[in-house]
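Okay, structure first, notes after.
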Amino acid sequence: MKRHLPRRRRTSVAAAAAVAAALALTACGGGDTPSDDASAGTAGSASEPLVISLDSSVDLLDAQAWRTPAAMVATGSLVEQLLEQTYDTDGLVRTGTTELEGALAESWEVSEDGLTTTFHLRDGLAFADGTPLTAQDVVWSYQRSLLGPGYVKALLPFAGVASPDDVTAPDDSTVVVTSSFASPLLAKMEAMQPLGIFSQATGEANATDDDPWAGEWFRENANSSGPYTVASYDPTQQLVLEPNEHYYAPEKIANAGVTVQFVSDPSQRALLLRSGELDLAQGIPLDQVKAMEDEDGLTVVSEPSNRLEYLGFNTAEAPFDDARVRQAVAKAVPYEDLVDQVLYGYANASTGVVPASMETHSDDAGTFEEDLDAAADLLAEAGLPDGFSSTLYYKQSNAVEAAAAVLVQANLKEIGVDIDLKPLTDADFTQQTNARALPMYLNNFLGWGADPFYQMYYLAGSAAGTNFTSYANPDLDALLQEGVATTDEAGRAEISAEAQRVIYDDMPFVPVYNPAWTFVVRDGVTGLTKDNTEQLRLQYLTKG
């Protein structure tokens, strides 16, 4: 029996010993940096190829386009950034830290006022086709993120880089990024895959008048700057990745390639893992994951996550235009039951919009605890002593949300609130949330970079496209903008705590739980690596 479970759960002594033994049999070391852990010396020599299946298919290959979770894993293997995180190792898992090191950039310096960052590229960089990777490619990639067809247009402006003219190349090996304010989030973004580097020549060769940034070509093709190239890709079947011989650091590729199989049935995914046809799987039904903890040959890997499941409201319409009603619903949510009965323990109950695992989390903002008496009192204060009726929507593709909705419905019934449950197709759910048309809904959110101000802005900022609640508070907007532009750690923590209190008092949505980062692997598979966007980094996986 082997397991590597969240910090809220116990890991048995026997499991820890088994993990240690597994590590001892692999070529992976215990260093704190990617290069320490992938010590084979040449691409692919550390282990065999791996076959994995994730919780969705890879629908496209463009790292700047809206895509499935599995596609985010894949695209992170096809682009490389100027900077990279360093990692801490704990058993089978390596987790990204707040410290950064050079990737395509060999070195960089920030001006004293924090407004100008100058990057110096490594010598001899090349794309997968062997053509040189220069500073002009970096400028084109950053400009594509600002002006192109993808959804990432808000990333750089959020950190003060709003104009294409803010990114320049004085020469082939130097990139200068200028921001309108100093923000600690900018460096984090420069280590995220949406700011990975594309080939300008490839983009321009495949551009059209209607598609000047070659969005259609990059959907199913890549001239990689990252650790892998695309050996083959069938959007209905699988993606086969092989090591990129032109990658700047081949020693960081700890396997001989990765095949991502698309298995739509989660139970079938579990069968393939048990039979040995898969080395790693994600998105297995959690009751089966629980059973796998006791199966020989398998290890459950589950780590705390900043991903947030939340219960949203339409704050522009009655009764949810009254904060007391929203607070009453929050008091009625069965937080611990959801974690234990729906998530089988593979989650943490809510600790707020900024979860306890994220920097600047404040315990003083308010607690999330089930209290039906307090919930009933709040409804009475709001003039609804007999409750009200509404509809709770969720995605029909999400079995966990469906089960969670049933428990929420039952608890609300205890305080006189009658809730109908209505599943929607993913397309309908997206359309309805974008239209701010749903009175209540379950949804999830992951703030890339684990930054509290990014997290709060994109959930509650009045101008944020992902604020589906119609909530707007000018005082909160001002706090969030102040926090984004504050580099002093103590100052950021103070501003963040105040913003968390505002969101708690107004309760435009209810943070419900943080689902764990959970995979099941076969014996001998190590090097599971989670970056600060919570993506699995494929190049560090090994199969001993």
Side-chain angles (χ1 to χ4, degrees), residues 50 52-81 83-85 87 93-96 103 141 144-145 148-156 188-198 215 218-222 224-230 233 235 238-241 258-264 269 280-283 301 303 305-309 395 397-398 426 430 443-451 454-455 458 465-466 514-519 528-541:
L50 290 96
I52 70 174
S53 185
L54 303 173
D55 59 359
S56 56
S57 64
V58 176
D59 60 336
L60 55 88
L61 302 179
D62 187 342
Q64 292 182 351
W66 186 264
R67 55 207 184 282
T68 61
M72 291 183 183
V73 174
T75 55
S77 298
L78 297 173
V79 291
E80 186 60 83
Q81 301 77 235
L83 303 179
E84 168 68 305
Q85 286 180 271
Y87 295 89
V93 178
R94 303 167 68 250
T95 303
S141 300
R144 186 178 191 267
S145 81
Y151 76 106
V152 299
K153 294 180 177 66
L155 284 181
L156 280 172
K188 290 182 180 179
M189 287 183 176
E190 286 161 336
M192 295 181 192
Q193 57 169 285
L195 295 183
I197 307 308
F198 291 71
F218 283 115
R219 283 183 63 88
E220 295 191 8
N221 302 277
S224 177
S225 62
Y228 293 98
T229 61
V230 177
Y233 175 47
Q238 66 180 19
L239 169 69
V240 180
L241 300 172
V258 179
T259 295
V260 185
Q261 290 189 353
F262 311 152
V263 182
S264 60
R269 204 175 296 139
L280 173 150
Q282 181 191 33
V301 175
E303 287 283 300
S305 168
N306 291 321
R307 184 175 293 277
L308 177 67
E309 184 74 27
K395 297 177 284 293
S397 64
N398 193 319
D426 287 6
T430 298
N443 201 10
N444 56 77
F445 178 82
L446 175 64
W448 278 20
D451 185 87
Y454 184 104
Q455 178 98 345
Y458 281 102
T466 48
N514 301 106
W517 190 81
T518 301
F519 296 83
L528 281 83
T529 301
K530 179 178 72 167
D531 66 16
N532 67 12
T533 67
E534 301 209 357
Q535 304 306 310
L536 178 69
R537 301 297 298 274
L538 299 181
Q539 68 264 39
Y540 303 123
L541 287 174

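Since the structure is predicted, the reported quantities are computational estimates derived from the model, not experimental observations. Residues: numbered from 1 along the sequence shown.
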Heavy-atom closest contact (W448 atom, Y151 atom, distance)
CH2-OH, 4.2 Å

Tell me if a side-chain donor or acceptor on S141 pairs with a main-chain N or O of F198 at a distance below 3.5 Å.
yes

Under 4.5 Å between any side-chain heavy atoms of D451 and N532, yes or no?
no

Does F445 have its ring centroid less than 6.0 Å away from the ring centroid of Y458?
no

Please assess L280 against L528 for the test side chain to side chain contact (heavy atoms under 4.5 Å, CB included), listing each intermediate value before the final yes or no.
CA-CA 10 Å; L280 173 150; L528 281 83; 3.9 Å; yes

For A65, is there any backbone N or O sitting under 3.5 Å from a side-chain donor or acceptor partner on R67?
yes

Stepwise side chain to side chain contact (heavy atoms under 4.5 Å, CB included) check, L54 with V260:
CA-CA 7 Å; L54 303 173; V260 185; 4.3 Å; yes

Hey, does the side chain of E190 reach the backbone of K188 with a donor-acceptor pair shorter than 3.5 angstrom?
no

Using atom types as modelled and distance alone, determine if a side-chain donor or acceptor of Y228 lies under 3.5 Å from a backbone N or O of L538.
yes

S225 (side chain) donor-acceptor with I197 (main chain) under 3.5 angstrom
yes

Determine, stepwise, if the pair D531 / R537 fulfils salt bridge (Lys or Arg N to Asp or Glu O under 4.0 Å).
CA-CA 7 Å; D531 66 16; R537 301 297 298 274; 3.7 Å; yes

Are side-chain heavy atoms of I52 and V73 found at a separation under 4.5 Å?
no

Test side chain to side chain contact (heavy atoms under 4.5 Å, CB included) on K395 and N444 and set out the steps.
CA-CA 11 Å; K395 297 177 284 293; N444 56 77; 3.9 Å; yes

Taking the side chain as every heavy atom from C-beta outward, state whether D59 and P235 have any pair of such atoms under 4.5 Å apart.
no

Can you tell me if W517 uses its side chain to pair, donor with acceptor, with the backbone of E534 under 3.5 Å?
yes

Closest non-hydrogen atom pair, T259 against Q238
CG2-OE1, 3.6 Å

For the atom pair OG (S77) and CG (L61), what is the distance rounded to the nearest 0.5 Å?
11.0 Å

Between Y233 and V230, what is the shortest heavy-atom contact and its length?
CB-CG1, 3.9 Å

If we count only N and O atoms by modelled type, under 3.5 Å, do the side chains of Q282 and S53 hold a donor and an acceptor together?
no

Determine, stepwise, if the pair V58 / F262 fulfils side chain to side chain contact (heavy atoms under 4.5 Å, CB included).
CA-CA 7 Å; V58 176; F262 311 152; 3.6 Å; yes

Roughly how far, to the nearest 0.5 Å, is CG of L541 from CZ of F519?
9.0 Å

Search all heavy atoms of T95 against all heavy atoms of V93 and return the closest pair with its distance.
OG1-CG1, 3.7 Å

Can you measure from CE (M192) to CD (Q535) and round to the nearest 0.5 angstrom?
10.5 Å

Only residue of L446, L308, N306 satisfying side-chain contact (heavy atoms from CB on, under 4.5 Å) with N514 is L308

State, to 0.1 Å, how close L78 and A222 come at their nearest heavy-atom pair, and which atoms those are.
CD1-CB, 4.2 Å

Distance from D62 atom CG to N221 atom CG, nearest 0.5 Å?
10.5 Å

Residue pair S56 / T68: nearest heavy atoms and the distance that separates them:
OG-CB, 3.6 Å

So among Q193, R144, K153, which one has a side-chain hydrogen bond (donor to acceptor under 3.5 Å, both in side chains) with Q64?
R144

Say you draw a straight line from OG1 of T529 to CG of L536; how long is it, rounded to the nearest 0.5 Å?
7.5 Å

Is a donor on one side and an acceptor on the other found under 3.5 Å between the side chain of R269 and the backbone of G283?
yes

